[in-house]
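As structure tokens, the structure follows; a few thoughts come after it.
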Amino acid sequence: KSRTWIREKYFKYIGRQTWRFAAMCGKNVQVAIFKAGSTPIVRFKLIKGDANPYDEEWSNYFASRGKKVYKFPQ
């Protein structure tokens, strides 16, 4: 098969990202390969070495760390 046929068959123009490897699943459902470069880099704070989640003395420390929810791009 030619390069043009391969590109038209397997690579799609999706949103602002050009030529992503994708396939049709069903009539109108298009599935594309996840791009690792679109995953945001998330840095986490290290937990103190002496901290113990089962010790009440450290309860304020773990409460202050809080929970953050990170949303990944579609």
Side-chain angles (χ1 to χ4, degrees):
K1 301 288 181 176
S2 68
R3 289 182 181 184
T4 306
W5 183 89
I6 293 171
R7 187 183 70 219
E8 290 174 358
K9 174 79 174 168
Y10 297 110
F11 293 86
K12 309 294 181 196
Y13 185 82
I14 300 173
R16 291 179 281 155
Q17 298 175 350
T18 59
W19 304 120
R20 287 191 55 195
F21 186 77
M24 293 299 289
C25 296
K27 292 182 180 179
N28 295 324
V29 180
Q30 191 174 33
V31 179
I33 298 289
F34 182 75
K35 292 184 85 172
S38 64
T39 304
I41 296 173
V42 179
R43 306 287 184 205
F44 295 96
K45 291 184 182 179
L46 293 176
I47 295 176
K48 293 182 181 179
D50 298 337
N52 183 350
Y54 301 105
D55 188 0
E56 290 184 23
E57 183 179 324
W58 289 94
S59 62
N60 289 335
Y61 170 73
F62 284 104
S64 68
R65 288 179 57 87
K67 293 186 178 182
K68 295 181 181 179
V69 177
Y70 296 96
K71 294 183 180 179
F72 293 99
Q74 295 290 330

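Nothing fancy with the numbering, it's 1 onward along the sequence.
- Here the straight-line distance linking atom CZ of Arg65 with atom NZ of Lys48 works out to 10.0 Å at 0.5 Å rounding.
- Here the CG atom belonging to Asp55 is positioned 9.5 Å from the CZ atom belonging to Phe62, to the nearest 0.5 angstrom.
- With sequence neighbours excluded, the residues forming a side-chain contact (heavy atoms from CB on, under 4.5 Å) with Tyr10 are Trp5, Ile6, Phe21, listed by chain and number.
- Here Glu8 contributes atom CD and Ser2 contributes atom OG; the two are 7.5 Å apart, rounded to the nearest 0.5 Å.
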